[in-house]
Protein chains: 2
Amino acid sequence: MNPSRQHIQIAVDAVVFGYRSASGLSVLLIRRRFAPHAGAWALPGGFVRDHESLEEAVSRELEEETGVNIRYLEQLYTFGDADRDPRGRVVSVTYFALVKPENLRIFADSDAEETAWFDIQKLPELAFDHPRILKTAIERIRNKISYEPIGFELLEEKFPFADLHTLYETLRGAPIDRRNFKKKMMSLQILEESGERRKQAGSGRPAALYQFNKEKYFQLKEKGIVFEV
Amino acid sequence: MNPSRQHIQIAVDAVVFGYRSASGLSVLLIRRRFAPHAGAWALPGGFVRDHESLEEAVSRELEEETGVNIRYLEQLYTFGDADRDPRGRVVSVTYFALVKPENLRIFADSDAEETAWFDIQKLPELAFDHPRILKTAIERIRNKISYEPIGFELLEEKFPFADLHTLYETLRGAPIDRRNFKKKMMSLQILEESGERRKQAGSGRPAALYQFNKEKYFQLKEKGIVFEV
DNA sequence: ACAAAAGTGTTCACAATACACCCATGC
DNA sequence: GCATGGGTGTATTGTGAACACTTTTGT
């Protein structure tokens, strides 16, 4: 067949997850300025340019539309049904990103009327087939957490143990025994005490702050980590 | 940006795995008839047409090029580096397929000079970035087997237990204790004895033939199967 | 009778689970 | 001094791993 007869556009879209123990797991959405679906909430994304890789395209779009600083990015899935975009045939390669709370600051730009974080429990209506994409992403993060310590990419550099605990409970959607969880986490030896303690807080005993030991984490990943919580 | 300025082609490629206890895990390759890489071995695939979904495109290409009858197909990964195809910018959505031995019959067609199964231990040189794609697929099948009983899709309808055992040992690349393996497999209750016994064989005790209980398998999958061998 | 593959159970070690009380701080 | 969240250990159960001999057939 002659490929020059193809009229398919290629786009990238990103599902960016952020987490704060107070507000839970959130997704970054933009409100579209232009048709189709002007005014509707959607995943950040856009068309791939001729000479950039897919990853470069996602990073650029995220930078342009939201200003977030992404530190973890992996491909999620490619959606290519013929009728998924009213403008014509668009195949979208979707990505899955995690950002630390330090980088939750966002801004809107020319293509996006507004940018906001939404708790995954309280999502607005979404444009295109983005509900399906988001559903796929949430499944992925739920699965992923059971074999890879991605808390690493979602928490602040130094964090109280309770934050990690709450993150896992949120993603699992079920309570996890505090002592057993800590025992297992510590046995992996990827956490170290920073010596510091939390200053803020309301009342209650101040919590020790931990940080990930990246070297041990990557060593573990090499060997094929097994990690069931 | 204006998407009409894009000049990116979209293709699909498939990594088709087949298995026979005698010959091991094999991949279906075609020898290219046309440039670029004419005469080289490559994964079956081709350009997506304007009105077909990605899955339709893979199925069609596989049918056209090899005649195999695919019963399991899942998306693998999308490769989109700017320089991966000398003809220009081509983004390839790759798929991962499993076929049963009954369906190993293949034929070449107009685009393919020749079609053949290759043991994954004895692969020829491959065109384009297909070595990378194949590497990704092999990783995927290795991982997948540890949490989903895909033997289901690779073995004949009725099979001796030893076939399943050998398949897992092949994919794991390490011996697995026969008794422990059987114990675990049987505890999942997704296998049932067919009552028949193997007729063929050389010498040795004839083996009971098992078959998968699809209903129980899907029930198990619903609940989130956990399956470490 | 012997070679070749199938079939089968028990013991041991470790990992997962269940579970409740004391500690340090703010107000 | 009390409310709030942080921190810790032990006993029980379940699961994974190691391990060798007997049975049925073909030649």
Side-chain angles (χ1 to χ4, degrees), chain A residues 20-22 145-147 149 151 155-156 158-170 172 174-211 220 223-229, chain B residues 20-22 145-147 149 151 155-156 158-170 172-189 191-211 220 223-229:
Chain A
R20 258 181 307 209
S21 45
I145 203 159
S146 72
Y147 60 88
L155 298 177
E156 298 175 77
K158 294 174 182 176
F159 54 88
F161 200 88
D163 276 14
L164 191 63
H165 184 227
T166 312
L167 171 60
Y168 272 79
E169 284 189 327
T170 304
R172 277 265 305 255
I176 301 172
D177 182 273
R178 213 155 84 246
R179 286 163 293 185
N180 293 340
F181 179 72
K182 184 158 189 181
K183 209 186 306 168
K184 209 178 309 183
M185 227 7 125
M186 297 316 275
S187 74
L188 294 175
Q189 301 197 281
I190 54 175
L191 286 184
E192 48 194 29
E193 281 196 74
S194 71
E196 298 174 55
R197 316 196 135 255
R198 186 171 62 177
K199 302 170 185 180
Q200 27 168 316
S203 80
R205 179 171 172 174
L209 296 182
Y210 289 85
Q211 56 197 41
L220 208 60
K223 288 196 238 167
I225 190 174
V226 179
F227 180 75
E228 281 286 329
V229 186
Chain B
R20 258 181 306 210
S21 44
I145 204 161
S146 72
Y147 60 88
L155 298 177
E156 297 176 77
K158 294 173 182 177
F159 54 88
F161 201 89
D163 276 15
L164 191 62
H165 183 229
T166 313
L167 171 61
Y168 272 79
E169 284 188 326
T170 304
R172 277 264 306 256
I176 302 173
D177 182 272
R178 215 157 80 246
R179 286 165 293 184
N180 292 340
F181 180 71
K182 185 160 189 181
K183 212 185 306 167
K184 209 178 308 185
M185 226 7 125
M186 296 317 273
S187 74
L188 294 175
Q189 301 197 284
L191 286 184
E192 48 194 29
E193 282 195 73
S194 71
E196 298 173 56
R197 316 197 136 255
R198 186 172 61 177
K199 304 171 182 181
Q200 27 169 320
S203 83
R205 180 170 172 174
L209 296 182
Y210 290 83
Q211 57 198 39
L220 209 59
K223 289 196 236 167
I225 190 173
V226 180
F227 180 73
E228 281 288 328
V229 185

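To find a chain, count down the sequence lines: A is the first, B the second, and so on, and within it residues start at 1. All figures in this text were calculated on a predicted structure; none of them were measured in a lab.
- Separation of atoms OG (B:Ser194) and NZ (B:Lys158) is listed at 5.0 Å; rounding is to 0.5 Å.
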Review item, nucleotides 1-5 of chain D N/O atoms under 3.5 Å of protein N/O:
residue: D:dT4; atom: O4'; partner: A:Ser203; partner atom: OG; Å: 3.1
residue: D:dT4; atom: O2; partner: A:Gly204; partner atom: N; Å: 3.1

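- At whole-Å resolution of the value, NZ in B:Lys182 and C1' in D:dA20 are 17 Å apart.
- A:Leu188 places none of its side-chain heavy atoms less than 4.5 Å from the side chain of A:Pro149.
- Remark: P of C:dT8 and NZ of B:Lys184 are 18 Å apart, rounded to the nearest angstrom.
- Atom NE2 of B:His165 is separated from atom C1' of C:dG7 by 13 Å (rounded to the nearest Å).
- Atom OH of B:Tyr210 is separated from atom P of C:dA6 by 11 Å (rounded to the nearest Å).
- In this structure, A:Arg179 atom CZ and C:dC23 atom P are separated by 15 Å, rounded to whole Å.
- Atom CE in A:Met185 sits 6.0 Å away from atom CZ in A:Phe161 (nearest 0.5 Å).
- Counting only Watson-Crick and G-U wobble pairs whose two key distances fall under 3.5 Å, DNA chain C forms stems of three or more stacked pairs at C:1-27 with D:1-27.
- Atoms CG (B:Asp177) and P (D:dA18) sit 8 Å apart, rounded to a whole Å.
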Report the C-alpha distance between A:Asp177 and A:Phe181 in whole Å, list the side-chain angles of each, state the deciding distance to 0.1 Å, and finish with yes or no for side-chain contact (heavy atoms from CB on, under 4.5 Å).
-> CA-CA 6 Å; A:Asp177 182 273; A:Phe181 179 72; over 6 Å; no
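- Separating the CG atom of B:Asp163 from the P atom of C:dA5 is a distance of 13 Å, rounded to the nearest angstrom.
- Partners of B:Lys183 by salt bridge (Lys or Arg N to Asp or Glu O under 4.0 Å), not counting sequence neighbours: none found.
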All N/O contacts under 3.5 Å from nucleotides 10-12 of chain C to the protein, with atom names and distances to one decimal?
residue: C:dT10; atom: O4; partner: B:Lys183; partner atom: NZ; Å: 2.9

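- Between the CZ atom of B:Arg178 and the C1' atom of C:dA4 there is a distance of 11 Å, given to the nearest Å.
- With sequence neighbours excluded, the residues satisfying side-chain contact (heavy atoms from CB on, under 4.5 Å) with B:Glu192 are B:Gln211, B:Asn213.
- When distances are taken from the side chain of A:Ala208 to each of C:dG9, C:dT25, D:dG7, the shortest belongs to D:dG7.
- Here the straight-line distance linking atom NE2 of A:His165 with atom OG of A:Ser21 works out to 12.5 Å at 0.5 Å rounding.
- Applying the side-chain hydrogen bond (donor to acceptor under 3.5 Å, both in side chains) criterion to A:Thr166, with sequence neighbours excluded, gives no partner residue.
- Among residues two or more places apart in sequence or in another chain, the side-chain contact (heavy atoms from CB on, under 4.5 Å) test is passed with A:Ala208 by A:Glu193, A:Arg197, A:Tyr210.
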